[in-house]
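Throughout, a chain's letter reflects where its sequence line sits, starting with A, and its residues are numbered from 1.
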Amino acid sequence: MESVYILVGRRGNGEILVEVLNDSGVTLGPARPVSAHDFPSLVRHEELGSPRWVWEDTASIYPVLLEAGVRVERAHDLRLCHAILRHSVLTAASELARSEPSRWDAALAFVAESRDPGATLFELLGDDIDADGDGDGHGDAGFADLAAEFRSQLAAVAETEEPGRLRLLLAAESAGALIAAEMRFAGLPWRTDVHDELLTRVLGPRVGPGVRPVLLEKLVGRIRLELDDPLVNPDSPPELTRALRRAGLAVTSTRAWELKELDHPVIEPLLEYKKLARLLSANGWYWMDTWIVDGRFHPEYLPGGVVTGRWATRGGGALQLPKQVRGAVVADSGWKLVVADAAQLEPRILAALSSDTAMADAGRGTDLYAGIVASGVVETRAHAKVAMLGAMYGATTGESGRLLPRLARAYPRALALTETAARAGERGDQVTTRLGRSSPPPGEAWYAAQSLASSEGAGDADERRARTQARDWGRFTRNFVVQGSAAEWALCWMAEIRRELRKLTAEVEAGAGADVGVGVGAGAVAGSAFASGSPSGDGGSVFADVPHLVFFLHDEVIVHTPEYLATRVATIIEEAAATAGRHLFGSFPVDFLLTVATVDNYGDAK
DNA sequence: TTATCTGGCGCG
DNA sequence: AAAGCGCGCCAGATAA
C-alpha cells in the first residue's frame, strides 16, 4: 500500500496550505489553502485515510490540534529528521548533507526556543517563526521549500545501503515528537495535597520563600553546635568546607559521598540536611506552585534534545523526579498507572549490537546481571553490574577496571564493540547507532590539540593534554553507540505502545457502540494551555476516557488508564518491547525484559 | 545590579 | 567504592 503524505505549511497571512504528495514527495494536486480556524477539522477529516503529516515542527503545530481535540496517527517532522540526516555518516554523501547550511540548520535552535504552550492558533501557525532573516516571509516560496526539503530527505535515505534503518529512525523520531506533545498536553497526574503532606512531614509546615522550614532549621542548629560555629551556612560550600576543616576534618569538598566516609558527630545531621535541603529547593512548594497546573505536571519534552538521541526536557526537571516525591503521582479515581521499566536495557542493547549470543543468553528470561553471575563470570550481582557499566562507560581503574578482563573473556564480541567505538573516538572518527544516528565530530580545539601534540617541538604537557582529550572523546563515542541505540529502542517501544493503545481505544469504542468521534470540537477548550476541563484533569480533552502515555524516562514509561483496561495495557507494553527488539535487531535472539507494575501511585512501582 | 560560572545532586 | 557516559536545575560565588 502506497503511503500518502500531506504537507502542511503556512503563509504570511496566517493561512495554512496543505498539499498531497506521493511517497516520492511528488505533488499529486495543487496546494489548498485553509484558514487556521478550519485546519483542525480538515486534519480530523483527512485522518480517516491514515496519511503521514509532513510539517516543519511537530512541537509548534501539534499542540494546536490537540487543543482542538484532534490527534494524528503519523507524522514526519522535517526539523528533527533534517538534524539526523545532516549529521549521519550514512547520508554524508547526500545532497542534503553536502549543501550549504540553510535555515534547516541555523534556525533550529531558534524554532525550538520560540514555542509557547499558551500561544494561540494564530500565533503558532500564522506568525513568522522562520529565522532566515531575509524578510520575505512565507508565501508559496516558503511552502515550496518545505516540499523540496522533504524530497531531499527522502532521497538522502533512499541512497543509503540499508534505507530501512534510517526510515525506521525517522519514523520513530517523528512518532516521538507526537508522543512528546501528547504527554505534555495530557500531563502527569499530580496530587498537590499528597505532595504537600509529604513535604510537611519531612520539612515541617510550609513557610514563605527565604525562610527555612522548622525541621531544616533544627538540623542547622545541630550542625552549628557540632562544628562549634554559630553562623556557618551549610548551603555555602566554601563556608562549610572551612568549618569542617576547623573541626579537624580533612575534607577536599563537601560532597555527600566524601562526608559519608568520615566519623564525626556532625556528619549525620549534615547529610540529613543536604538531603532535605535538596528536596526543598528542587521539588518543594515553590516547584509545586510553578509546575503543577490543575492536578497535572506538564513538562516540555524535547525529542532529540541530547546528542545521543535521548530526550531532554525543559521545565520542572522532569527527568530527575526524585524517588522521594513519586508518591504524589497518583492515578485519577477509577484509573490506574501502568509503570514499565526496561530491565538492564543498555547491556541487552550491547549484546544485540555486537551479536554477542553469550551475553544475550545471560539475559534470557532473567535479570542479566544475575545471568552473568550464574555463568560464573563474576561472584556477585553488584560485581556484574559495575563491570558492565565500566565496559560501557570506559572505566579503567577501581573495582570496575579490575573486573573488566573477566567480562572480556566471557563476552569478547560485546567488549570488542565498545573498544572499537572508543578507538574511533580517540582518532576523531564518528560512530553510528544501530539505526543511523552519528556522533558529532570533535570540535576545532580537539583537532588543534591533537596536531599540536604530534608537531615538531611539542612538549610533554602538549602530549599529555592531547592524550587526555583523545581518551575523553573515546569514552564519549564508546558510550554513544550504546546509549544512542538504546534511545532508538525506547522510541520504537513507545511508538508501538502508542499505536496499540489507539487500536485498543478504537476497539473499545466500537464495542460500546459509542460515538467514535474523540474530543469535543474546536474551540471548546480555548483559552487553556492544557485543556483541563475538570478538576480531575483530563475532562473534555482528547484523552478524557482513553489510556494514554503520561511519562517517559529513557527506559521507563507510564500509561494512565481506566482501571478496567489496565491488564490489557500491561500486555500491550510487554508485547511492544518484543516488537521494538525485532524492529532493531531482526531475529537476533535477545530478550528485552520489563518490570511492569499496575499501581495507584508511582511511588509504589518499586 | 545582572549575567555567567561552579559545586553539588537528582535521574537514567 | 566513588572511577567511567548522558543530562537539568538550584543556590551561592564571582565577574562584569
Its contact letters, B for base, S for sugar-phosphate only and - for none at protein heavy atoms under 4.0 Å, make nucleotides 8-16 of chain C read BSS-SS---
F551(A) atom CZ is separated from dC11(B) atom P, nearest whole Å, by 11 Å
Closest to the side chain of V307(A), out of dG8(B), dG12(B), dC7(C), is dC7(C)
Stems field, DNA chain C, Watson-Crick or wobble, 3.5 Å, at least 3 pairs, by first number, holds B:1-12 with C:5-16
Result for 5'-nearest mapping on DNA chain C, choosing between E261(A) and Y393(A), is E261(A)
_Please classify the nucleic acid contact of L321(A) as base, sugar-phosphate, or nothing, using heavy-atom distances under 4.0 Å._
sugar-phosphate
Under a 4.0 Å heavy-atom cutoff, the residues of residues 466-488 of chain A touching DNA chain B are Q483(A)
Tightest non-hydrogen contact, residues V596(A) and A570(A), listed as CG1-CB, 4.0 Å
With the side chain defined as heavy atoms from C-beta on, E556(A) is closest, among dG12(B), dG8(B), dA3(C), to dG12(B)
**Item:** Centroid-centroid distance, W190(A) to H195(A), less than 6.0 Å
**Value:** yes
Closer than 4.0 Å, any side-chain N/O of K323(A) to the OP1 or OP2 of dC11(B)? no
Can you classify the ring geometry of W446(A) versus W473(A) as parallel (below 30°), tilted (30 to 60°) or perpendicular (above 60°)? tilted
